[in-house]
Structure formats: C-alpha cells, structure tokens
Novice: 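Quick one: this structure, given as structure tokens, is what I'll be asking you about.
Ligands are counted one by one from 1 in listed order, and the atoms in each one are counted from 1 as well. Just the heavy atoms: all of them, side chains too, but no hydrogens, waters or symmetry mates, feed the values below.
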Amino acid sequence: MSKPDNTVKDALALGPENWADGEDPLARRRGGRIGAPVSRLDGPLKVRGKAPFAAEFPVEGMAYAALVFSTIAKGRIATLDTAAAEAAPGVVLVMTYRNAPRMRPMQQFDSSEKAGGADTLPIMQDEHVYWNGQPIALVLAETQEQADHAASLVRVTYEPGHAVTSFAEAKANGTDTGDFHGPLHLEIGDAEEALRAAAVSVDVTYRTPPHNHNAIEPHATTLAWHGDELVVHDATQLVTHTAWTLAHIFGVDESQVHVTSPFVGGGFGGKLVAQHQVLGAAAARLAGRPVRIALPREGVYRLIGGRARTEQRVAIGASEEGRFTALIHTGTSATTRHSAWPEPFMLAAHSHYAAETFLLDLQTAYVDMVANGSMRAPGGAVGVYALECTVDEVAAKLGMDPVELRIRNEPATGPTDGRPFSSRHVVEAWRTGAERFGWAGRNPAPGAVRDGEWLVGMGCAAASHPYVRMPGGAARITLTDKGLARVEVAAHDMGMGTETAQTQVAAERLGLEPGQVSFRYGDSALPGLVPAAGSQQSASIGAAVVAAQHALVAELLKLVSDDSPLAGLEADEIGAVNGGLAKLDEPERYESYASILAGAGRDEVSVEASGPPPLEMMNWSMHSFGAMFCEVRVNAVTGETRVSRFLGSIDCGRVLNPKTAGSQLRGGIVMGLGLALMEETQFDERRGRILNASLAEYHVPVHLDVPEIDLIWTDLPDPHAPAGARGIGELGITGAGAAVANAIFNATGKRVRDLPLTPDKLL
Ligand code: MOS
C-alpha cells in the first residue's frame with residue numbers, strides 16, 4: 001500500500017503556526033461548522049441495525065471458530081486428545097500447535113511504526129503455556145454451536161511449571177523501571193528531605209486492582225484468504241497496524257492484507273491485534289475456508305489484557321500556606337515479560353501542580369498472566385485517582401478548601417520540564433465549576449451532613465490527560481465537479497463520533513456545507529497511520545486535513561484559467577469559502593470549485609498529503625484538563641454509595657461538536673464511577689485465573705448507577721493543536737474516581753485507599 005511521504009520542507013510550511021484560524025479573515029464567513037452540536041451521522045444506521053459490525057459481514061462458505069483455553073498459568077501441554085472433537089458433528093478442523101501454520105511472532109504496538117500486537121508470544125507454535133486462559137486449540141465448524149460443542153470435547157493434560165501469580169512473589173523477585181514515551185523515573189531536588197522538613201505532610205499508599213475490558217461489542221473478526229491476499233473485517237482501533245501486523249506474521253506483503261473496520265462497538269485500548277485475529281487467519285489458511293471468530297464475553301477476559309494492578313505511594317509536603325514543597329509519586333505495577341506495557345500512574349504528576357521537589361518512579365513486577373495492555377487513560381485513570389485523593393488528604397490536614405489548595409499550587413509552566421503550556425485555563429475551570437456545582441454550600445466537616453440514613457458529601461478532583469499526536473497522519477481529499485468533497489483517512493469510529501466531527505472539521509476547512517462532505521474511514525486501503533489511541537485521532541486527522549487542503553488549493557490553482565478571478569494568485573493568498581476559493585483580503589475575487597473543475601474539463605481532483613511531524617508536543621506542555629465535582633450519598637446502614645450529582649468542568653481547547661464530545665466525556669466519567677465503586681478483576685493468585693470473567697460478576701455501572709452528568713467547558717481554542725482541539729477520549733475517566741472517593745470522605749470521614757470502594761469497606 002502506498003503511503004504519502006512527508007518532507008521536512010512540507011512539514012515546516014504546514015507547521016502548527018498555520019493551524020489557528022484566528023488570523024484568517026474568511027474564517028467567520030465559513031459559518032461555524034466546528035462547534036455545532038450535530039447528531040451522529042451514523043446514528044440512523046445503528047438504530048436500524050444496518051451498521052455492519054465485524055461479526056456480521058456475510059462471507060460465502062464461512063466456518064465458525066471456537067477456542068479452548070488453558071487452565072494452567074505456566075508449563076507444557078503433556079497430552080492433547082482432539083479425536084472426539086474432530087469426530088463431532090459439523091467439525092471442519094481442530095487446530096493446535098501440532099498443525100498450526102508456522103508464523104512469525106507478533107510485534108507489540110508501539111515497538112515499531114506499524115506494529116499493532118498486544119504481546120510478543122509465539123501463537124500456537126509449541127506446547128508451552130504462558131498464561132491461564134491461553135488458547136491451546138481452535139475448532140472450526142459449520143455453525144457456532146457445533147464449534148462450541150466440539151471445543152468442549154478437546155482433552156488436555158499439562159506438566160505445570162512454576163508460575164508467578166501473586167503480586168507479593170512478583171515484587172520479591174525484583175522489579176525494574178522502563179520507558180513509556182519518556183522516562184518513568186524523575187528526580188528534581190531532594191523530595192524525601194523536603195517531605196521530612198515540610199510543615200504539613202501526607203505519605204500514603206493507594207492500591208488499585210486489575211481491570212478488564214468490557215466493550216459492548218466483544219472482539220470479533222471475519223476473514224478470508226484469496227490466495228496470498230487476506231481480507232479482514234475486524235473490530236479494531238488500528239486498521240493499518242492490523243494489516244501490517246498480520247502481513248508480518250504470515251510473511252505476505254502489507255498490500256496483500258486489507259482490513260476494514262467501519263463500526264466498532266467500543267475499543268478503550270483493548271481492540272489491538274490479539275491472538276484471535278492471528279488464529280482465525282491461521283485456521284482459515286489451514287482449512288481453505290473463510291472464518292469468523294467472535295469471542296464470547298469470557299473469551300475477552302481470557303485473551304485480552306486490561307489495566308494492571310498497582311500499588312502507589314503518594315507523598316506530599318506542604319508549607320503552612322499550602323504550597324507544595326515535595327511531590328512524591330512512586331510504586332509498582334504488575335505486568336508480564338511478554339508485554340512491556342507499563343501502567344504509568346505517575347504521569348499526571350508531571351502536569352498537575354507546581355512543587356519545589358519531585359520524585360517520580362514506576363517499577364514493574366512480573367507475573368504470569370495474559371499480557372496486560374492499554375485501557376482508557378493508561379496510568380492516568382489509576383494514577384490521577386491516587387494523586388488527587390492525596391491532595392484531598394493534604395487539604396483536610398491543612399483545614400483548607402480543596403479547590404483553593406489546588407489553585408494555590410497552579411503551575412506557571414510545565415512543573416517538571418519548564419515548558420510553556422500550549423493553553424491552560426485550569427483556574428477558570430475550577431472557578432466556573434465550583435460556582436455551577438454550588439461548592440460554596442459544602443460543609444467541610446466530614447460526616448456532618450445527614451439525610452435520614454444517608455450521609456451526604458461533596459468532593460472534587462483535577463483531571464488531566466496528555467495531548468498526543470502520533471506521526472503518520474495522512475488524508476486524501478477528492479473534489480468533484482458537483483462541488484462535493486470526499487475526505488478519506490484510515491481512521492476509526494468506535495462510537496465517539498469521528499465521522500460526524502471530522503465531517504464538520506473538513507467542511508469548515510474546505511468552505512463547504514457539512515452535507516457536501518463525506519468522511520470515509522475504517523479501511524486500511526485509505527491513507528494514513530491513524531490509530532484510535534492516545535486520544536489523538538482528532539489531532540492526527542485535523543493536521544492531515546489541513547495539509548491535504550493546502551495541497552488541494554495548490555492543485556486547483558494549477559487548473560484555473562487565465563481569465564479566472566484567481567489567476568496569478570499564490571496558494572498562501574487563498575482561503576476556502578462558500579464552495580470555492582477566494583483571495584483572503586479581496587473576497588470578491590472568488591471562483592467556485594465546480595467552476596474551476598468545469599473550466600479545466602475535470603470530473604474530479606484528488607490530492608493526498610501527510611500531517612507534519614508532531615513538533616508541538618516537543619515545544620509545549622500540552623494536556624487536556626478538567627475540574628471534577630461529585631456529590632454522593634452513602635447509606636450509613638448498608639454502606640451503599642449512590643452518586644447523586646456530577647459535574648465536569650473541562651478545559652480541552654476548542655470543542656468540535658459539543659454533542660459527541662459531551663457523550664465521550666460522560667462515557668469516561670461513567671467509567672470513572674465504575675473504577676471508584678465497583679470495577680475489579682478478581683485474579684486467583686493461587687492459579688493465575690480470572691475468576692469473574694463475565695458481566696454478571698465483574699460489575700460496571702448501569703443506568704441506575706449514573707446520575708445526570710453536567711458538563712461545562714472553557715472552549716478556548718488551543719493555538720498549537722490542529723483545529724484548536726486537544727484530546728478528550730481518555731480525559732473523563734481521570735479525576736472522576738478521585739472526585740467520588742473524596743466525596744465519600746466528606747460524607748463519611750472514611751478514607752479508603754484500596755479500590756474499589758465497595759459497601760463492606762465503608763461500614
Ligand atoms: Mo487508548 S487506552 O490509547 O485506546
């Protein structure tokens with residue numbers, strides 16, 4: 001597949017300084033397409049059941065797959081009897097390490113430009129077992145029921161090896177520190193000494209359990225080989241990476257693998273390339289049949305790693321006026337040797353508060369389990385929880401209002417790197433949020449407000465997530481002689497409204513009405529390397545669309561005739577407006593797109609361009625921020641917590657579409673309520689098996705657990721982000737959990753530091 005090159009010269013010409021529309025005198029006439037609360041364009045398809053998901057693509061002659069999972073955490077398969085399964089009705093094939101095709105190991109996401117794997121283990125290549133739940137056989141049959149039944153007939157015995165499945169043993173074996181987009185260890189000054197000398201200090205340990213992925217759509221793939229070409233209908237956050245990764249594993253060219261993923265029922269970091277896609281493709285090759293592999297809910301728990309367990313020390317020293325003199329955030333997370341994915345909980349300490357000294361460190365302890373991976377706000381979800389609860393502890397000790405304490409420690413520049421903020425309006429978010437929530441009415445004395453048997457409290461917490469724009473964003477814009485535009489990017493819509501918001505962004509950029517623009521995505525044949533990860537899609541797509549629009553203007557200027565009002569103008573004198581191009585300071589010199597193409601005798605014009613390298617991330621301290629406010633009612637008899645009110649006051653740059661952005665932020669906050677109150681993977685430390693591998697026993701919030709979530713935003717464009725917008729996909733979950741926990745403290749006087757805050761811990 002050909003991907004556009006991006007030269008440094010282009011990058012400089014199209015750099016971040018050219019993103020802001022503020023200086024463009026035509027911007028206002030474009031009609032404010034960005035910022036309109038447009039309803040989801042894919043909504044009607046979805047509610048009518050006409051949006052095809054990965055497990056719904058019909059393929060002629062398809063066989064259905066079922067997996068058999070190991071029941072030991074480490075060792076070897078001793079005996080494997082597949083005869084009964086092979087003889088069962090409808091069975092096409094039983095694949096094990098004995099007959100699986102030879103495959104190269106997976107390459108982990110982030111390990112190279114296009115790698116998209118969840119771990120680096122060999123997949124069904126030998127008799128070794130690496131985790132409890134590893135697939136050891138795959139059954140293909142004519143129906144799903146036949147495959148499931150035959151899978152139950154596979155008989156296995158094991159020679160178990162010693163598995164490290166307890167956190168205590170893993171820590172005792174020794175830990176190490178790694179690198180995750182920057183160092184995981186940082187010291188500024190002598191924080192331990194500053195802590196000892198501080199007028200007021202808090203030094204506490206927070207513990208968070210593992211969490212598993214529970215997207216509404218379980219992982220699924222429908223795929224077919226045509227010779228050496230592989231067509232994959234997948235549920236993925238990274239179509240292009242998936243094509244590359246499968247090509248690498250099966251030894252074919254990247255251009256021979258075509259991945260589509262038009263609709264994804266939630267990703268949250270869990271929908272990368274895992275073993276099911278690889279095993280499905282291997283079985284399809286072996287059987288010479290198209291294959292559908294749709295994981296049951298239990299299969300998602302066995303195969304897809306989630307958030308790692310953490311044990312975090314947070315220590316803050318403060319002066320009597322509440323100025324932080326020491327900020328220490330260190331600790332350990334449990335991960336696997338075959339996934340270098342850490343849980344960098346100390347990242348938020350880089351951006352939240354000014355402090356005189358810092359000590360930040362993440363140690364990794366190794367256990368034998370399914371490769372843990374990325375889950376919404378890796379590090380941040382649990383790290384902001386611990387940090388922001390500790391700040392609340394400091395406020396209580398100082399007898400200071402927690403909002404005022406945070407504002408008092410507001411940094412002027414990036415606290416650990418001294419970089420200027422690209423845009424930061426955190427104090428405004430606190431002030432407007434406190435006003436709207438009625439924070440002044442909070443009784444600061446814990447346990448003081450009672451309504452019958454309910455204890456009522458209010459809490460708050462800061463939220464943050466780093467701005468990311470990964471390299472590789474590219475876009476193709478095709479303009480037709482009807483004046484319609486098609487914008488194509490190999491991006492993803494996992495339910496967040498990408499298509500809708502990006503249609504608005506492109507319409508504004510091209511001077512068209514949203515109805516004149518179509519946005520195509522979810523297909524590895526389209527341009528760009530744009531994973532839906534790291535809250536970065538909008539920035540990546542936005543930068544690429546700016547670059548492509550510049551290229552389009554240059555191309556159109558080549559086509560204008562000598563008597564065109566635009567004749568003789570340079571690209572940088574031109575803006576897009578009213579379905580055509582006009583001279584920026586002389587808008588009556590205008591010609592419509594349709595007229596330019598007609599004059600040149602062209603049906604369409606198509607250009608492709610890459611976004612510039614993400615230099616803005618190096619030049620600025622860039623983060624999305626929020627101030628979260630929560631009211632809870634805790635039952636004094638049962639210990640049950642009800643969240644009664646919630647407000648997010650958000651500072652994320654410009655809001656591209658308040659409706660879709662609001663849904664995304666609310667979704668993150670709901671996940672934060674779950675993190676605080678109920679989510680917990682129960683991991684059997686004796687056998688290394690997940691015990692609660694179903695939504696019946698792994699609890700997430702349901703509608704009755706979620707109050708109306710109020711949102712307000714500063715909505716101030718970030719001059720260094722494409723379209724002025726920073727990321728929001730992960731922001732909501734950060735801070736939400738701490739706001740709940742701090743409200744529980746205010747309601748009850750109980751400070752529980754081990755998540756989740758279940759009723760038994762509050763009695
Ligand atoms: Mo995300 S956890 O970067 O999908």
Novice: I'd like to know if Glu217 and Lys271 make a salt bridge, using a cut-off of under 4.0 Å between side-chain N and carboxylate O.
Specialist: yes
Novice: Give, for atom OG1 of Thr330 and atom CD of Gln363, the distance between the pair rounded to the nearest 0.5 Å.
Specialist: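 Here the interatomic distance stands at 9.0 Å.
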Novice: Report yes if the side chains of Val489 and Leu526 come closer than 4.5 Å at any heavy-atom pair, otherwise no.
Specialist: no
Novice: Cation-pi check for Tyr467 against Arg726: NZ or CZ below 6.0 Å from the six-membered ring centre and within 45 degrees of the axis, yes or no?
Specialist: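 Pair Arg726/Tyr467 does not count as cation-pi.
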Novice: Who are the residue neighbours of ligand 1 when the rule is a heavy atom under 4.0 Å from any of its atoms?
Specialist: Gln237, Phe268, Gly269, Ser374, Met375, Arg376, Pro378, Ala532, Ala533, Gly534, Glu730
Novice: Taking only Lys NZ, Arg NE, NH1 and NH2, and the carboxylate oxygens of Asp or Glu, determine whether Arg376 and Glu730 approach each other closer than 4.0 Å.
Specialist: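 A salt bridge is absent here (no side-chain N lies under 4.0 Å from a carboxylate O).
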Novice: Any side-chain heavy atom of Asn214 sitting closer than 4.5 Å to one from Tyr698?
Specialist: yes
